[in-house]
Amino acid sequence: MFKKLISSAACILGLLCSSASAQETSNRVSTQTDWSVFVESDPTECWAVTAPKETVNKRDGSVVAVRRSKILLFVFHRPSDNVKGQVAFTGGYPFAKGRSIALDLDGVTYDLAADGEWAWPPSAADDAKIIAAMKRGAKAVVTAQSERGTVTKDTFSLNGFTAAVKDAEKRCAG
């Protein structure tokens, strides 16, 4: 069900390749430090999203240059499907099959299940635990492996996370 819900947001998030394009996106309704809030209608969807502050790509232990599309971490709401606070990560490449993605929140690691270029916590209860930890945290580090064997480490600021998530939740409460 999560894959289906995120597909329409993925199309919209395609506009977020850089902070410059995010500023040109017409559905951004607020910015909270390092996080932005977006709202769509038909169906109503609201999300808080951020891009990484740092990205390191390694193959065989050495830093390498790689081509990746959008790298985003966000929390998504869709009231019509009773989705409230769904955490998602897109790494900009197809993840290695059979491997989980590690989300480290200030020293506590959570496993995300991967499907293609997307990853999510395994349950709504895990979403809630992660969101609570993100509200208390300063940074989130996502470590994953591509189908080609590149290990990526993306570091996201959590500055503004709580305000952005509350804003997105409020906008989708009705």
Looking only at the side chains, is there a donor atom on one of [X] and [Y] sitting less than 3.5 Å from an acceptor on the other?
X	Y	answer
T152	Y93	yes
S157	D34	yes
D127	Q86	no
T150	N57	no

Inset, instruction - Return the minimal non-hydrogen interatomic distance between A168 and A48, and the atom names on each side. - result: CB-N, 4.1 Å
Inset, instruction - Measure across L112 and F89 and return the closest heavy-atom pair with its distance rounded to 0.1 Å. - result: CD1-CB, 4.3 Å
Legend entry - Plane angle bin for F74 and F76 - parallel if under 30°, tilted between 30 and 60°, otherwise perpendicular: perpendicular
Inset, instruction - Check the angle between the aromatic planes of W47 and F38 and answer parallel, tilted or perpendicular using the 30° and 60° thresholds. - result: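 W47 and F38: parallel rings.
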Flag, side chain of [X] to backbone of [Y], donor-acceptor distance under 3.5 Å:
X	Y	value
R68	G91	yes
H77	G85	yes
S123	D126	yes
D104	G107	yes
S100	A113	no

Legend entry - Pair L105-Y110, side-chain contact (heavy atoms from CB on, under 4.5 Å): steps then yes or no: CA-CA 8 Å; L105 299 171; Y110 300 87; 3.6 Å; yes
Evaluate the side-chain proximity of [Y] to [X]: yes if any heavy-atom separation is below 4.5 Å, no if none is.
X	Y	answer
R78	C172	no
W35	L73	yes
I101	D111	no
T109	L103	no
S69	E117	yes
V87	P121	yes

Legend entry - Cluster overlap V83 with L72, hydrophobic side-chain contacts below 4.5 Å: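 Yes, because V83 and L72 connect within a single hydrophobic cluster, where side-chain heavy atoms sit under 4.5 Å apart.
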Inset, instruction - May I ask whether V108 and M134 are part of the same hydrophobic cluster, defined by side-chain heavy atoms of I, L, V, M, F, W, Y residues being less than 4.5 angstrom apart, directly or through others? - result: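 Both belong to a single hydrophobic cluster.
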Inset, instruction - Give the intermediate values and the outcome of side-chain contact (heavy atoms from CB on, under 4.5 Å) for residues V141 and K153. - result: CA-CA 7 Å; V141 179; K153 186 175 183 179; 3.6 Å; yes
Inset, instruction - Take F161 and T33, measure what side-chain contact (heavy atoms from CB on, under 4.5 Å) needs, and give me the verdict at the end. - result: CA-CA 8 Å; F161 174 79; T33 314; over 6 Å; no
Legend entry - Spacing of CZ belonging to R99 relative to OG1 belonging to T143, to within rounding of 0.5 Å: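 Answer rounded to 0.5 Å: 12.0 Å.
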Legend entry - Distance (rounded to the nearest 0.5 Å) between D154 CG and K53 NZ: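 Those atoms lie 13.5 Å apart.
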Legend entry - SB check K84 E169 (cutoff 4.0 Å): no
Inset, instruction - State whether K139 and D106 are salt-bridged, where the test is any N-O pair (Lys NZ or Arg NE/NH1/NH2 against Asp/Glu carboxylate O) under 4.0 Å. - result: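 Judged by the 4.0 Å cut-off on N to carboxylate O distance, K139 and D106 do not form a salt bridge.
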Inset, instruction - Scan for salt bridge (Lys or Arg N to Asp or Glu O under 4.0 Å) pairs involving residues 155-168, sequence neighbours excluded, and state none if there are none. - result: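 For residues 155-168: D167-R171.
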Inset, instruction - Go through the steps to decide whether F156 and V142 satisfy the test side-chain contact (heavy atoms from CB on, under 4.5 Å), and finish with yes or no. - result: CA-CA 8 Å; F156 299 87; V142 181; 3.9 Å; yes
